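Report on one structure; see the data block that follows.
Just so it is clear, the structure is predicted and the values come from calculations on it, not from any experiment.
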Amino acid sequence: MAKERPEKAEETEQMIEKELGKEAAEGGGAGDGRDMRAVLLSGFGGLNKLRVARKVMPEAQEGELKIRVKACGLNFIDLMVRQGNIDNPPKTPLVPGFELSGIVEAIGGNVTGFEIGDRVMAFTNYNAWAEVACTPAEFVYKIPDDMSFSEAASLPMNFVTAYMMLFEVANLREGMSVLVHSAGGGVGQAVAQLCSTIPNVTVFGTASSFKHEAIKNSLTHLFDRNADYVQEVKRISPDGVDIVLDCLCGENTGKGIGLLKPLGTYILYGSSNMVTGETKSFFSFAKSWWQVEKVNPIKLYEENKVMAGFSLLNLLFKQGHAGVIKGVVDKLLALYNQKKIKPLVDSLWALEEVKEAMQRIHDRGNIGKLILDVEKAPTPLMANDSTETSEAGEEEEDHEGDTENKERMPFIQ
């Protein structure tokens, strides 16, 4: 893999420092309470593009809430953003992150229903990985008194995605069956918990073998991610399944559609197979695209099958469905209060440990959600080694069980 030229990297860093210095000067500068720590993505590429910097603290505008951030969620989409592996990537430098929890610190004009001091969770269109964030009030939700900030930061992306796919798109009902890939991740575990709220739902899952012991009780049937899961599913259920939830894409698209029963629904909600190394790979993109079976709508018609896609961020920020999401969040909080669901937190990381946290999610080493804890001090070993971290390729995933015990113990609630 080609390395960034030292003189070019130094020049880029100097430009960013100059810009940040200009911001601080215009906003009052460090030390006067008007600046903050934030994770900065200086450009698209590897882990070396991430670092913690000081930025001018944002202020709530019309219709917004200013939130003192306590915890932020880390998702696979954040890794793809870092690589620039998304459609219409934003300009850099930027502060990544799409979900957070914290305390309302200020209220913008024309905002009702909130008070300073409210404990909340929220979606943000970037800018979540910081000590303070501002976001429109329609993307902010009060949280129960007994919900921790780490749980609250785990709920928005994972549980809303899972709920929308199961109940709004696929119409999950009693007696149905579901296949979910990456069953040990945040969305996978949310799917498993939500399926348990409906009687007699059979859940098939694929996951790395080292995760099986930890998650085996949350699913009905669990297969190794490298096994021939199609044959395993058909051996148990010859007719296939009612719902397939696919975050992998590539060859799994054709396999998933082939496993559907009549009136079944296949939903694509990610494309993690396109991420193989530290930086964006044209080869991985082309391979994944090439492996996607070309879907004939006439065949879907003849076989009575449904093919769908789901993007929560597009639904929120491009298609204006905040009201729909608010209704889903209300239902999820009701389930939480009834003790029927509980976000699973894999581990807590300081902002300064974002590179290591992102490495863990790249290696598929997490069971549940990775959380950036804004108030957490970095582990000394992590802080010393942060500049040395680089991501492993997809070919190393067969050994990913080794990452389970490296430097970080899972967070136990």
Side-chain angles (χ1 to χ4, degrees), residues 1-17 20 37-55 72-86 89-98 126-130 185-186 271-285 346-366 369-374 376 378-397 399-400 402-404 406-408:
M1 184 179 64
K3 298 284 186 180
E4 187 176 26
R5 290 187 295 116
E7 61 271 20
K8 183 65 176 178
E10 183 178 352
E11 178 183 349
T12 302
E13 290 294 317
Q14 289 174 351
M15 291 175 64
I16 293 169
E17 291 287 0
L20 290 172
R37 291 160 53 244
V39 174
L40 187 74
L41 179 65
S42 61
F44 300 119
L47 291 168
N48 64 326
K49 301 297 184 181
L50 289 166
R51 66 187 180 88
V52 174
R54 299 207 72 85
K55 281 181 61 70
C72 325
L74 197 155
N75 300 283
F76 204 88
I77 185 65
D78 297 310
L79 191 154
M80 299 184 74
V81 167
R82 193 205 74 218
Q83 293 187 348
N85 207 357
I86 58 173
K91 293 181 180 180
T92 56
L94 61 85
V95 176
F98 298 102
Y126 297 99
N127 298 307
W129 295 356
S271 53
S272 64
N273 277 349
M274 294 185 184
V275 176
T276 54
E278 184 178 356
T279 57
K280 183 177 179 179
S281 169
F282 176 77
F283 174 77
S284 298
F285 174 83
D346 173 80
S347 47
L348 304 178
W349 306 77
L351 291 181
E352 290 79 6
E353 297 168 341
V354 64
K355 296 179 184 180
E356 290 80 10
M358 192 165 279
Q359 179 68 57
R360 183 170 174 84
I361 201 170
H362 177 277
D363 292 341
R364 280 71 166 178
N366 58 299
K369 189 78 166 192
L370 282 85
I371 294 295
L372 295 179
D373 184 337
V374 176
K376 182 182 180 298
T379 304
L381 179 61
M382 294 278 186
N384 292 337
D385 292 348
S386 63
T387 58
E388 302 298 324
T389 303
S390 62
E391 289 188 348
E394 187 78 13
E395 66 275 9
E396 295 180 24
E397 285 191 13
H399 306 288
E400 66 185 348
D402 296 339
T403 67
E404 183 181 19
K406 282 184 180 178
E407 298 180 342
R408 175 65 48 165

Discussion item. Are the side chains of Glu353 and Lys376 in contact, using a 4.5 Å heavy-atom criterion?
Written reply: yes
Mind checking the [atom1]-[atom2] spacing from [X] to [Y]? Nearest 0.5 Å is all I need.
{"X": "Ser347", "Y": "Ile371", "atom1": "OG", "atom2": "CD1", "answer": "8.5 Å"}
{"X": "Gln359", "Y": "Glu356", "atom1": "CD", "atom2": "CD", "answer": "8.5 Å"}
{"X": "Ile361", "Y": "Asp78", "atom1": "CD1", "atom2": "CG", "answer": "7.5 Å"}
{"X": "Cys72", "Y": "Leu370", "atom1": "SG", "atom2": "CG", "answer": "12.5 Å"}
{"X": "Leu74", "Y": "Leu372", "atom1": "CG", "atom2": "CG", "answer": "5.5 Å"}

Discussion item. Checking Val354 against Trp129 for the side chain to side chain contact (heavy atoms under 4.5 Å, CB included) test, could you report, in this order, the C-alpha distance in whole Å, the side-chain angles of both residues, the deciding distance, and whether it holds?
Written reply: CA-CA 9 Å; Val354 64; Trp129 295 356; 3.7 Å; yes
Worksheet item: How about Lys369 and Asn75: does a side-chain donor come under 3.5 Å of a side-chain acceptor?
Response: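 Their side chains do contain a donor-acceptor pair, which is all the 3.5 Å distance test asks for.
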Worksheet item: Short question: side chain of Arg82, backbone of Lys49 - any donor-acceptor pair under 3.5 Å?
Response: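 Not confirmed, Arg82 side chain does not pair with Lys49 backbone.
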Item to complete: Please answer whether the main-chain N or O of Arg54 pairs with a side-chain N or O of Arg37 as donor and acceptor at a distance below 3.5 Å.
Response: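 Flag not set: sc Arg37 to bb Arg54 has no pair under 3.5 Å.
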Identify the two heavy atoms, one from [X] and one from [Y], that lie closest to each other, and give their separation to 0.1 Å.
{"X": "Asn366", "Y": "Gly186", "answer": "ND2-N, 4.5 Å"}
{"X": "Lys355", "Y": "Asn48", "answer": "NZ-CA, 4.4 Å"}
{"X": "Phe44", "Y": "Val81", "answer": "CD2-O, 3.1 Å"}
{"X": "Pro93", "Y": "Ser42", "answer": "CB-CA, 4.2 Å"}

Fill in: Candidate pair Phe76 and His362, rule side chain to side chain contact (heavy atoms under 4.5 Å, CB included), full reasoning
CA-CA 8 Å; Phe76 204 88; His362 177 277; 5.6 Å; no
Discussion item. Using the rule given for side chain to side chain contact (heavy atoms under 4.5 Å, CB included), can you reason through Val95 versus Leu41, listing the C-alpha separation, both sets of side-chain angles and the distance that settles it, and then say yes or no?
Written reply: CA-CA 6 Å; Val95 176; Leu41 179 65; over 6 Å; no
Fill in: Thr92, Ile86, Asn85 screened by side-chain contact (heavy atoms from CB on, under 4.5 Å) with Pro89, the one that passes
Ile86
Worksheet entry | Full working for side chain to side chain contact (heavy atoms under 4.5 Å, CB included) between Phe98 and Ile77 | CA-CA 9 Å; Phe98 298 102; Ile77 185 65; 4.1 Å; yes
Item to complete: Look at Arg51 together with Glu352 and state whether they make a salt bridge at an N to O cut-off of under 4.0 Å.
Response: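 A salt bridge is absent here (no side-chain N lies under 4.0 Å from a carboxylate O).
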